[in-house]
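Structure first, then comments.
Residue indices begin at 1 and follow the sequence shown. Just so it is clear, the values below take in all heavy atoms, side chains as well, and ignore hydrogens, waters and symmetry mates.
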Amino acid sequence: MRILPLACLLLASTAASAQTVPIDTFRDAVKTLSSDEFEGRAPGTAGEEKALAYLVAQFQAAGLKPGNDGSWFQDVPLVEITARNVSPLRFTGGKAPMSLAYGPQMVVGTYQVTPRIDLKDSDVVFVGYGVNAPERGWNDYAGIDVKGKTVVILINDPDWANKDTTGDFGGRAMTYYGRWTYKYEEAARQGAAAAIIVHQTAPAAYGWNVVQSSWTGAQQLADSADGGASESKAIGWIQLDQAKALFAGAGKDFDQLAAAAARKGFKPVPLTGVKASVSFDNQVRKHASKNVIGILPGTAKPDEVVLYTGHWDHLGRCEAAPDGDDICNGAIDNATGTAALVALAKANAAAGATPRSQVFLAVTAEESGLLGSAYYGDNPVYPHAKTVGGVNMDALQMAGPAKNVTVVGAGKSELDGYLNRALAAQGRVASPEPTPEKGYYYRSDHFSLAKHGVPMLYVDGGNDLVEGGVAAGEAYAAAYEKNAYHGPQDEFDPAWRWDGVQRDLDLYYAVGRALATSDAWPNWVAGDEFRAIRDKSRAGE
């Protein structure tokens with residue numbers, strides 16, 4: 001391979017950064033995709049059909065070609081499960097029986113494709129953080145058989161409360177072991193009949209309102225050969241106060257056990273005598289949602305691909321706000337990222353094709369666990385070995401110009417060099433993510449490509465605003481998370497600051513354009529978890 005000299009790359013990046021991505025295109029796309037007409041863009045609904053038709057029309061108008069062997073779409077096999085007639089989650093055998101209401105006190109669902117779930121008198125065991133990590137000398141399931149039992153689990157990593165990034169699990173910086181998806185995966189591997197996570201706002205990184213809106217209503221999961229038979233019967237969350245009462249009823253102190261669970265050597269604790277029961281019907285529908293793929297074919301090396309990714313889906317209809325609005329419009333999350341795909345496609349087509357192909361991938365079912373990007377990762381239209389790298393866009397910052405950008409997963413790959421050169425041309429800098437404990441690296445679609453070795457950048461708008469500094473940036477982020485995230489209030493706002501997101505769009509353009517005009521093959525840094533996968537992929541193994 002030939003690696004361009006730094007000076008050449010700097011010149012290419014600086015020239016690319018002069019391009020202005022059309023902000024009117026971006027603004028119109030955000031407004032359209034997040035309108036009530038699209039009903040929150042849930043997969044498998046009329047909202048999906050409208051979103052797909054809109055994206056294809058916009059990609060065509062921009063000058064892209066269908067990206068999947070003559071088709072704009074990649075089918076993603078999904079199963080939609082909607083829980084009906086959900087009973088309370090009952091705990092008996094303690095000092096007093098408990099009956100937790102569905103919605104305000106607990107949420108529950110299943111990955112099993114079956115018309116009904118009945119969990120009856122299942123023994124309850126506290127398994128700390130539910131982590132089994134032999135390479136770290138940690139096993140929260142050591143010495144106990146939980147087959148057929150209900151496990152109660154803490155969210156995040158055992159060392160999440162550390163002030164820095166030191167500890168068995170990287171301290172504040174969440175690992176995949178801290179994600180709720182992992183908790184359920186490991187519980188199923190251990191044979192648990194049910195897995196219940198205790199919600200705590202700080203380690204979860206969001207309030208109960210987010211859990212309730214995300215876990216009620218139709219849920220999407222990947223279609224599997226065994227219909228989820230290997231999964232736990234029931235999975236869900238309970239409020240912290242309910243967990244404390246549950247433990248107290250079994251003669252245990254929740255806070256003491258939670259503290260013990262943060263230390264290596266913790267052993268699971270049965271809540272002796274306590275039994276869990278819950279039941280619900282499932283409305284099951286199998287369907288194929290769709291990833292949308294457009295391509296700007298390369299002029300010299302069309303088989304080498306640069307990716308732009310963003311998820312088009314959101315939650316659809318959800319828990320109603322006090323004013324009765326039950327559409328989770330997903331304006332910021334992620335009509336902004338989808339609109340960025342449209343605007344970047346238009347800008348790149350207008351500037352002319354690059355030596356390498358540029359692929360614009362709008363994926364489905366991110367909100368259900370990165371299902372669309374995971375399916376693409378397992379079934380790539382363009383081989384991972386021929387995918388140079390890319391940029392993922394999710395929930396763009398609309399608070400105004402910032403002096404910096406925040407990089408999720410900074411220092412992991414050589415793509416940082418491309419980003420830093422493009423930032424220098426704008427007079428801005430890269431900052432590490434201010435809240436690594438929230439685990440954003442494992443919460444968006446770049447992760448599905450990274451797992452297959454493809455270097456991907458995930459860059460958020462900066463938190464150090466030109467007007468108001470870090471305090472204003474943090475206030476904006478906190479207000480969005482509290483008032484709008486995964487709720488009906490995430491709506492288009494004409495008062496948003498378009499000048500700030502303009503700079504971010506131009507940045508994405510510059511990075512992607514530099515990759516698409518280079519001969520280089522950026523890799524993960526030595527020792528990174530994805531380096532060996534990339535090396536094997538590029539070697540043809």
Side-chain angles (χ1 to χ4, degrees), residues 16 18-39 41 43 46-75 289-299 302 305-314 329-332 334-354 356-364 372 376 381-382 390-394 396 445 492 494 496 498 501-502 504-513 516-517:
Q19 171 73 24
T20 297
V21 177
I23 197 66
D24 288 348
T25 299
F26 173 80
R27 179 170 51 236
D28 292 345
V30 175
K31 185 176 182 180
T32 299
L33 288 164
S34 63
S35 66
D36 282 357
E37 179 187 355
F38 284 65
E39 301 179 61
R41 306 187 308 282
E48 168 170 4
E49 296 176 7
K50 292 175 181 177
L52 297 181
Y54 179 79
L55 284 173
V56 168
Q58 293 299 309
F59 280 176
Q60 283 181 315
L64 301 188
K65 303 297 183 184
N68 185 13
D69 193 24
S71 173
W72 290 103
F73 303 120
Q74 179 187 42
D75 284 351
S289 187
K290 289 175 170 58
N291 294 332
V292 186
I293 309 174
I295 184 171
L296 190 63
T299 56
V305 168
V306 175
L307 276 179
Y308 295 93
T309 59
H311 71 93
W312 60 256
D313 69 295
H314 200 56
N329 302 82
I332 286 179
N334 185 34
T336 57
T338 312
L341 289 173
V342 171
L344 286 164
K346 186 173 182 178
N348 275 289
T354 48
R356 287 168 161 167
S357 294
Q358 296 184 77
V359 170
F360 300 80
L361 175 62
V363 295
T364 184
Y376 180 90
V381 173
Y382 302 95
V391 179
N392 181 57
M393 296 166 290
D394 194 351
L396 276 59
D445 295 299
F492 179 84
W496 280 335
W498 306 101
V501 75
Q502 174 76 74
D504 293 339
L505 293 171
D506 292 346
L507 183 71
Y508 301 144
Y509 176 93
V511 171
R513 197 85 182 174
T517 55

Exercise. Less than 4.5 Å apart, any side-chain heavy atom of Phe492 and any of Arg27?
Worked result: yes
Problem set entry | Heavy-atom check, side chain of Asn329 versus side chain of His314, under 4.5 Å | no
Exercise. Just checking, is any N or O donor in the side chain of Glu48 or Ser289 under 3.5 Å from an acceptor N or O on the other one?
Worked result: yes
Exercise. Are any of the side-chain heavy atoms of Ile332 and Leu396 separated by less than 4.5 Å?
Worked result: no
Exercise. Is Ser35 reaching over with its side chain to a backbone N or O of Thr32, donor-acceptor style, under 3.5 angstrom?
Worked result: yes
For this session: Indicate the atoms forming the closest heavy-atom contact of Ala29 with Ala339, along with that distance.
Result: CB-CB, 3.5 Å
Exercise. Got Leu33 and Tyr54 here, is their nearest side-chain heavy-atom distance under 4.5 Å?
Worked result: yes
For this session: Might you work through the side-chain contact (heavy atoms from CB on, under 4.5 Å) test for Tyr382 and Leu307, ending with a clear yes or no?
Result: CA-CA 10 Å; Tyr382 302 95; Leu307 276 179; 5.6 Å; no
Seminar exercise, completed: Rounded to the nearest 0.5 angstrom, the CG-CG distance for Leu64 and Asn348 is 8.5 Å
Exercise. Taking the side chain from Asp506 and the backbone from Val21, do they hold a donor-acceptor pair closer than 3.5 Å?
Worked result: yes
Exercise. Is the side chain of Tyr508 donor-acceptor paired with the backbone N or O of Asn392 at a distance under 3.5 Å, no angle test?
Worked result: no
Exercise. Does the side chain of Leu52 reach to within under 4.5 Å of the side chain of Lys50, using non-hydrogen atoms?
Worked result: no
Exercise. Among Val56, Ile293, Leu55, which one satisfies side-chain contact (heavy atoms from CB on, under 4.5 Å) with Phe73?
Worked result: Val56
For this session: For the pair Phe59 and Trp72, name the ring-plane relationship: parallel under 30°, tilted 30 to 60°, perpendicular over 60°.
Result: tilted
Exercise. What distance separates Arg513 CZ from Leu344 CG, expressed to the nearest 0.5 Å?
Worked result: 11.0 Å
Exercise. Do His311 and Asp394 get their side chains close enough for a donor-acceptor pair, meaning under 3.5 Å?
Worked result: yes
Exercise. Are Ile295 and Phe360 close enough that some pair of their side-chain heavy atoms sits under 4.5 Å apart?
Worked result: no
Exercise. Would you say the side chain of Ser357 lies within less than 4.5 Å of the side chain of Pro302, judging by non-hydrogen atoms?
Worked result: yes
For this session: Compute both the distance and the angle, then confirm whether Arg41 meets the cation-pi test with Trp312: under 6.0 Å from the six-membered ring centre, within 45 degrees of the axis.
Result: no
For this session: Answer with yes or no whether the side chains of Asp445 and Thr309 bring together a donor and an acceptor at under 3.5 Å.
Result: no
Exercise. Is the shortest side-chain N to carboxylate O distance from Lys31 to Asp28 below 4.0 Å?
Worked result: no
Exercise. Going from OH on Tyr308 to CG on Leu341, what distance comes out if it is rounded to the nearest 0.5 angstrom?
Worked result: 10.0 Å
Exercise. Does the side chain of Arg356 come within less than 4.5 Å of Val305's, by heavy atoms?
Worked result: no
Exercise. Does any donor atom in the side chain of Gln74 or Tyr376 lie under 3.5 Å from an acceptor atom in the other side chain?
Worked result: no
Exercise. Are Asn291 and Thr364 close enough, and set up right, to give a side-chain hydrogen bond (donor to acceptor under 3.5 Å, both in side chains), and what steps lead you there?
Worked result: CA-CA 6 Å; Asn291 294 332; Thr364 184; 5.5 Å; no
Exercise. Can you check side-chain contact (heavy atoms from CB on, under 4.5 Å) on Val292 and Leu361, steps first, answer last?
Worked result: CA-CA 6 Å; Val292 186; Leu361 175 62; over 6 Å; no
Exercise. Quick one: does Asn334's side chain have a donor or acceptor within less than 3.5 Å of a partner on Gly337's backbone?
Worked result: yes
For this session: Please assess Asp75 against Lys290 for the test side-chain contact (heavy atoms from CB on, under 4.5 Å), listing each intermediate value before the final yes or no.
Result: CA-CA 5 Å; Asp75 284 351; Lys290 289 175 170 58; 3.3 Å; yes
Problem set entry | Minimal non-hydrogen separation, Ala331 against Val30, with atom names | O-CG1, 4.1 Å
